[in-house]
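Data block below; observations after.
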Amino acid sequence: MAGVKAKILVADDEESVRGLLTRVLVKQGYLVETAVNGEEVLNKVREKEFQVLIMDIRMPKLDGMEAFKLLRRDHPALNIIMMTAFSTAETTLEAMRLGAFDYLTKPFDLAQIKAVISKAVNSRMEEQLQTDEDVEKPWSNTFVGSSVQMLDLFKTIGRVAPSDSSVLIQGESGTGKELIARTIHEYSNRKQAPFVSINCGAVPEGVLESEFFGHEKGAFTGAHARKIGKFEFADGGTIFLDEIGEMSPQLQVKLLRVLQERQFERVGGNETVAVDIRVIAATNKDLRKSISEKSFRADLYYRLNVVSITVPSLRERMDDIVLLAAYFRDKYCAKLGKQARQISQEALVLLECYPWPGNVRELENAIEHAIVMGKGGRIMPEDLPEEIANYTECTHDQAFPTQSTTLKEMVKAVEKTAITQALLQTRGNKLQAAKRLDISRRALQYKIEEYGISDLGAE
């Protein structure tokens, strides 16, 4: 595109945002036009050719997501960057699934905007993604997190889901690897077919082959009838192989053949069974180390690891602990028929200090324990499991997080913590929280959207 100025369309209902982006992009040498709602975006894209569209999700008349779906259908070559002040797992995943070039959360860094625009202008769409059908998201409320790590994870899931590529999910135990696998399936073109999960570490080695591929009657002692295996049952859908690192070398060879040829024979049988499946595997092991130790085949690793997803531990996304705790509190209060409870400030400090070796699963168990064992109207430290209640290695920096590198980032971290705690203390009542913080309700709502704070009400 040497010598040609790229045309960029900026769509946002806020004049300040349109003005800022226009000034920045014009200085970069781009030709910029603006729109204030989704309808205007559609009209301008029909009339003129743009290389990049940067569009807010929340706009009047026709919101950004609806406009995006229409544009992706009618103008698939247009690179679209979505932006919002209130990011959720659902919106991030949906945008990336539909083929967004990127997804930005306000307030954004101008250097980030420049870099993303530059990439978008100079790139070409590699594939067309189908967007005609809306996807049901029964799992959406189980994805909780607004940290940078989780938003990046949502983007990756959204990009990989529509393909049929094999995926290897790596991460510590308790980080939610199966949830990610199910999400990929729900967002794929295979969503109407079965999702079949098997834990390779929980099934005895002598039985695992039969679990995978089934067996014929009389194949071994106790095989009184033909059995259909997991791979055959998953035909047309997705099979999730958890703890893949625990699989024996002998079965690794057979699995590799299935991945290569998409066919197999049942144990004790001669009939070839062809299957159309997508394979997603997960492990908490370092498979490269296992390869060097000769316990895992390198060729199988590369066959599985077409797309790699690394799930952050809870220690790496401590900003999400308060959101997760509030989510699990509401879940178990409802499930156990308990009266809605607040999480005390003292308990919150412990939750944010504890290192969580068991990750999200351990946090969920801790909150369920507190709901079951607690007696008062608030969750106190003594209601938590003993190892958490007695944790004493909490530093001042952990109790009052100021780990950011700049004064601006430190102020934002303190503001987000204060707002989150006020909302927890008032069970999500924004008017009461605003009074506690001595700010207007409108200012509070702006901050909630700016920091991506989820609804923390207990009702």
Side-chain angles (χ1 to χ4, degrees), residues 89 138-147 150 171-179 199 202 284 311-401 416-430 432-433 436 453-459:
W139 48 266
S140 61
N141 288 333
T142 62
F143 255 130
V144 179
S146 61
S147 61
M150 290 304 291
E172 297 179 9
S173 295
T175 51
K177 295 188 289 293
E178 182 167 352
L179 174 60
N199 188 320
N284 57 17
V311 190
S313 67
L314 191 52
R315 297 182 303 281
E316 297 173 291
R317 46 179 292 221
M318 297 293 276
D319 288 349
D320 290 331
I321 286 179
V322 174
L323 301 179
L324 285 162
Y327 170 78
F328 292 134
R329 173 204 61 191
D330 294 347
K331 173 182 176 179
Y332 286 105
C333 280
K335 183 178 180 180
L336 301 172
K338 298 282 188 176
Q339 185 177 3
R341 296 176 183 175
Q342 297 180 25
I343 304 177
S344 70
Q345 177 63 34
E346 298 87 347
L348 279 176
V349 169
L350 276 175
L351 294 177
E352 292 183 314
C353 292
Y354 186 70
W356 301 109
N359 290 295
V360 177
R361 185 183 298 135
E362 184 182 11
L363 175 59
E364 180 174 5
N365 293 341
I367 298 300
E368 182 181 7
H369 178 280
I371 298 299
V372 171
M373 301 301 294
K375 298 178 181 178
R378 296 198 303 163
I379 295 175
M380 302 301 294
E382 56 267 25
D383 298 327
L384 297 167
E386 185 177 353
E387 63 272 18
I388 301 173
N390 295 333
Y391 189 72
T392 59
E393 298 181 29
C394 188
T395 67
H396 177 268
D397 283 343
Q398 287 174 300
F400 191 72
K416 183 176 180 180
T417 299
I419 292 170
T420 301
Q421 291 171 354
L423 288 169
L424 282 168
Q425 290 163 2
T426 60
R427 291 192 294 170
N429 188 307
K430 295 182 177 66
Q432 293 182 17
R436 284 174 179 257
I453 298 173
S454 298
D455 184 0
L456 300 180
E459 290 82 17

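Just so you know, these numbers come straight off a predicted model, no measurement behind them.
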Would you say [X] and [Y] make side-chain contact, with heavy atoms under 4.5 Å?
{"X": "Thr175", "Y": "Asn284", "value": "no"}
{"X": "Val360", "Y": "Phe328", "value": "yes"}
{"X": "Leu384", "Y": "Tyr354", "value": "no"}
{"X": "Tyr391", "Y": "Pro355", "value": "yes"}

Between the side chain of [X] and the main-chain N/O of [Y], is any donor-acceptor distance below 3.5 Å?
{"X": "Glu364", "Y": "Arg361", "result": "no"}
{"X": "Lys177", "Y": "Gly171", "result": "yes"}
{"X": "Arg329", "Y": "Ile379", "result": "no"}

Salt bridge (charged side-chain N to carboxylate O under 4.0 Å, His left out) involving Glu172 - partner list, sequence neighbours excluded: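 Glu172 satisfies salt bridge (charged side-chain N to carboxylate O under 4.0 Å, His left out) with Arg315 once adjacent residues are dropped.
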Over all atoms of both residues, closest heavy-atom pair of [X] and [Y]:
{"X": "Pro385", "Y": "His369", "value": "N-ND1, 3.6 Å"}
{"X": "Tyr332", "Y": "Ile371", "value": "O-CG2, 4.0 Å"}
{"X": "Ala325", "Y": "Leu351", "value": "CB-CD1, 3.9 Å"}
{"X": "Arg341", "Y": "Cys333", "value": "N-SG, 4.1 Å"}
{"X": "Pro312", "Y": "Met150", "value": "CG-SD, 4.2 Å"}
{"X": "Leu314", "Y": "Asn359", "value": "N-OD1, 2.9 Å"}

Nearest-0.5 Å distance that lies between atom [atom1] in [X] and atom [atom2] in [Y]:
{"X": "Asn390", "Y": "Glu382", "atom1": "CG", "atom2": "CD", "value": "10.5 Å"}
{"X": "Ile388", "Y": "Leu363", "atom1": "CD1", "atom2": "CG", "value": "7.5 Å"}
{"X": "Lys335", "Y": "Asp330", "atom1": "NZ", "atom2": "CG", "value": "14.5 Å"}
{"X": "Leu336", "Y": "Lys331", "atom1": "CG", "atom2": "NZ", "value": "10.5 Å"}

Under the side-chain hydrogen bond (donor to acceptor under 3.5 Å, both in side chains) test, residues paired with Glu387 that sit two or more places apart: none
Sequence-distant partners of Lys338, side-chain hydrogen bond (donor to acceptor under 3.5 Å, both in side chains), two or more places apart: none
